[in-house]
Amino acid sequence: MCLMAQHLKVPPVRIGFHVASIAIIELLRFAPLEPAATLPKRLSLLYEQARIFILPPRRTRSRPRVVKHKASKHQRKMPVSA
């Protein structure tokens, strides 16, 4: 997928992994059934389709991430009576 990103001149994290991996698997699944001469043609078609796999840029966070602390020992749950 890094080659796809270089071809499209975008960072590799902007390529959607799930959809791109499905397209690559489909290419490889039917490769043994076709003549070897068609592989470069199908590979170039995959690179053309790669524009579909580009994700929108990530939004900036409105608030910074924080680590939530666990409850202390003194904040135990009340026992449940049967």
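Because the structure is predicted, anything quoted here is derived from the model rather than measured. Computed over heavy atoms, backbone and side chain alike; hydrogens, waters and symmetry mates excluded. Numbers here simply count residues along the sequence, with the first being 1.
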Can [Y] be reached from [X] by stepping across I, L, V, M, F, W or Y side chains whose heavy atoms are under 4.5 Å apart?
X: Val10; Y: Leu3; value: yes
X: Ile24; Y: Leu27; value: yes
X: Ile15; Y: Leu28; value: yes
X: Tyr47; Y: Leu8; value: yes
X: Leu43; Y: Val19; value: yes

If I take atom [atom1] from residue [X] and atom [atom2] from residue [Y], how far apart are they, to the nearest 0.5 angstrom?
X: Lys9; Y: Arg14; atom1: NZ; atom2: CZ; result: 14.5 Å
X: His7; Y: Leu46; atom1: NE2; atom2: CG; result: 9.5 Å
X: Phe17; Y: Leu55; atom1: CZ; atom2: CG; result: 12.5 Å
X: Arg63; Y: Arg65; atom1: CZ; atom2: CZ; result: 14.5 Å

Closest approach of Ala5 to Pro12 (non-hydrogen atoms, all atoms of both residues): CB-CA, 3.7 Å
